[in-house]
Amino acid sequence: MLAGILLALIGLGDVVRARTAVDVHRQRTLTTIAVVVLWAGVSAVAWLGLGVPVWSVLVTVVLAAAWIAATAPVRAGAGTADDDRDAPTTRGWLRRSGSWPAVLLAVAVAVLLLWGPLPDGTGFVVDWHDGSGMAFVDAVPLAAVVGGVGSALFLVDSANVVVAQALPPGLQRGAVTGAEADDLRRRFGRRRRSDADADASGGSTVRLKGGRLIGPIERLLLAGFAVTGAFPVVAALIAAKGIVRFPEIRRETTGYQAEYFLIGSLVSWAMAFAAAGMCWLLAHS
């Protein structure tokens with residue numbers, strides 16, 4: 001259950017970060033206030049409603065705060081939105097350090113899932129679940145419900161952060177311009193067919209941002225169908241995405257559109273299936 005609470009805290013934090021103002025000062029002020037209020041509410045529900053010990057709740061809050069400090073939000077259609085990624089500060093260095101926050105988070109979730117302390121089984125949420133009288137609610141253990149809610153929140157925006165960190169430099173923002181585009185051309189040894197026209201007009205921009213919106217929907221669908229055992233539907237969704245994206249990738253002559261698609265899709269699918277596996281394990285434990 002603690003793993004679901006941790007994912008819920010992180011997911012809520014990233015939902016807020018991805019939707020606050022672009023202005024740096026205003027963004028941080030609004031983000032801090034909103035995250036503190038939401039995390040206080042989740043902590044109160046975990047303690048008073050689920051019977052989770054206070055120290056366990058504090059551990060999940062500290063871990064969630066570490067994630068917020070070490071990662072940058074990803075806004076729909078705008079890539080990684082954080083000026084600190086290029087700043088020579090400790091915070092900027094942390095956020096440029098690759099996928100290690102996601103790896104450490106996976107380890108923390110596994111530890112909480114397998115060896116985390118169990119709640120004492122008292123609280124208003126526990127009482128509601130036990131006496132709901134609804135068959136579909138009674139059929140699902142409360143731990144699986146918490147894990148499902150936390151996983152869903154994480155898959156919305158936090159998973160975009162993981163995907164952005166997994167992409168090579170130059171592919172993790174919504175647009176690749178100037179020196180980054182030249183570097184990508186050198187890496188693949190070819191030029192896009194439209195480069196000559198773009199250079200003649202004085203600019204070159206490669207837009208790579210559709211996955212910021214498609215990704216959350218795709219991950220939620222894949223995780224939901226995987227949990228329910230609808231694996232043919234899962235296979236159909238994956239195949240449909242490849243078919244839809246194939247013409248766009250085929251038109252590219254550099255190869256970095258294909259790299260963006262493959263890395264982003266594989267990481268995204270891995271998170272969806274990991275979330276489904278966690279919910280299945282909680283439901284059958």
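In this text, all values refer to a predicted model and were calculated from it rather than measured experimentally.
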> Does Leu48 belong to the same Ile/Leu/Val/Met/Phe/Trp/Tyr cluster as Val52, with side-chain heavy atoms less than 4.5 Å apart forming each link?
yes
> Other hydrophobic cluster members with Phe231, side-chain heavy atoms of Ile/Leu/Val/Met/Phe/Trp/Tyr under 4.5 Å, chained?
none
> For Leu281, give me all partners under side chain to side chain contact (heavy atoms under 4.5 Å, CB included), at least two apart in sequence or on another chain.
Leu113, Leu114
> Using the side-chain hydrogen bond (donor to acceptor under 3.5 Å, both in side chains) criterion, which residues pair with Ser265? Sequence neighbours excluded.
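Only Lys241 meet the side-chain hydrogen bond (donor to acceptor under 3.5 Å, both in side chains) criterion with Ser265.
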> Can you name the residues that form a ring pair (Phe, Tyr, Trp, His ring centres under 6.0 Å) with Trp280, not counting sequence neighbours?
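So Trp280 forms a ring pair (Phe, Tyr, Trp, His ring centres under 6.0 Å) with His284.
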> Given the rule that I, L, V, M, F, W and Y join up when any side-chain heavy atoms are under 4.5 Å apart, are Val244 and Leu262 in one cluster?
no
> Verify side chain to side chain contact (heavy atoms under 4.5 Å, CB included) between Leu50 and Met1, making sure each step is shown before the conclusion.
CA-CA 9 Å; Leu50 298 173; Met1 184 175 292; 3.9 Å; yes
> Are any side-chain N or O atoms of Ser43 and backbone N or O atoms of Trp39, one a donor and one an acceptor, separated by less than 3.5 Å?
yes
> Which residues pass the side chain to side chain contact (heavy atoms under 4.5 Å, CB included) test with Val62, sequence neighbours left out?
none
> Please enumerate all residues that pass side-chain hydrogen bond (donor to acceptor under 3.5 Å, both in side chains) together with Thr122, with sequence neighbours excluded.
Asp120
> List, by chain and then residue number, the residues other than Leu266 in its hydrophobic cluster (Ile/Leu/Val/Met/Phe/Trp/Tyr, side-chain heavy atoms under 4.5 Å); write none if there are no others.
Ile217, Leu221, Leu222, Phe225, Val233, Val234, Leu237, Ile238, Trp269, Phe273
> Hydrophobic cluster membership, with links at side-chain heavy-atom distances under 4.5 Å among I/L/V/M/F/W/Y: are Val126 and Phe124 in one?
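As far as the 4.5 Å side-chain criterion goes, Phe124 and Val126 are connected within one cluster.
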> Group every Ile, Leu, Val, Met, Phe, Trp and Tyr by side-chain heavy-atom contacts under 4.5 Å, then state whether Val111 and Val109 land in the same group.
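They do share one cluster, since a chain of ILVMFWY contacts under 4.5 Å joins Val111 to Val109.
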> Does Ser268 have any side-chain hydrogen bond (donor to acceptor under 3.5 Å, both in side chains) partners at least two apart in sequence or in another chain, and if so, which?
Arg219
> Tell me every residue that passes side chain to side chain contact (heavy atoms under 4.5 Å, CB included) with Trp55, counting only those two or more places apart in sequence or in another chain.
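With sequence neighbours excluded, Trp55 shows a side chain to side chain contact (heavy atoms under 4.5 Å, CB included) to Pro53, Val59, Pro117, given in chain and number order.
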> Cut-off 3.5 Å, no hydrogens considered: what does the side-chain donor-acceptor table look like for residues 3-15, sequence neighbours left out?
| unit_1 | atom_1 | unit_2 | atom_2 | d |
| --- | --- | --- | --- | --- |
| Asp14 | OD1 | Arg17 | NE | 3.0 |
| Asp14 | OD1 | Arg17 | NH2 | 2.4 |
| Asp14 | OD2 | Trp67 | NE1 | 2.9 |
| Asp14 | OD2 | Ser158 | OG | 2.6 |

> Name all residues meeting the side chain to side chain contact (heavy atoms under 4.5 Å, CB included) criterion together with Val267; count only those two or more places apart in sequence or in a different chain, and write none if there are none.
Val162, Val163, Ala166, Ile263, Met271
> Side chains of Trp47 and Leu58: closer than 4.5 Å at any heavy-atom pair?
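Not touching, per the 4.5 Å side-chain cut-off.
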> Decide yes or no for Val161 and Pro73: does some side-chain heavy atom of the first lie under 4.5 Å from some side-chain heavy atom of the second?
no
> Among the clusters formed by ILVMFWY side chains lying less than 4.5 Å apart, do Val54 and Val36 turn up in the same one?
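Per the 4.5 Å side-chain linkage, Val54 and Val36 are not co-clustered.
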> Nearest 0.5 Å, please: how far is CG in Leu112 from CE in Met278?
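The CG atom of Leu112 is 10.5 Å from CE of Met278, to the nearest 0.5 Å.
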> Please output the side-chain donor-acceptor pairs of residues 133-152 that fall under 3.5 Å, not counting sequence neighbours, one pair per line with the distance.
| unit_1 | atom_1 | unit_2 | atom_2 | d |
| --- | --- | --- | --- | --- |
| Asp138 | OD1 | Ser132 | OG | 3.0 |
| Ser151 | OG | Gly147 | O | 2.8 |

> Where do Phe261 and Gly242 come nearest, in terms of heavy atoms and distance?
CZ-CA, 4.2 Å
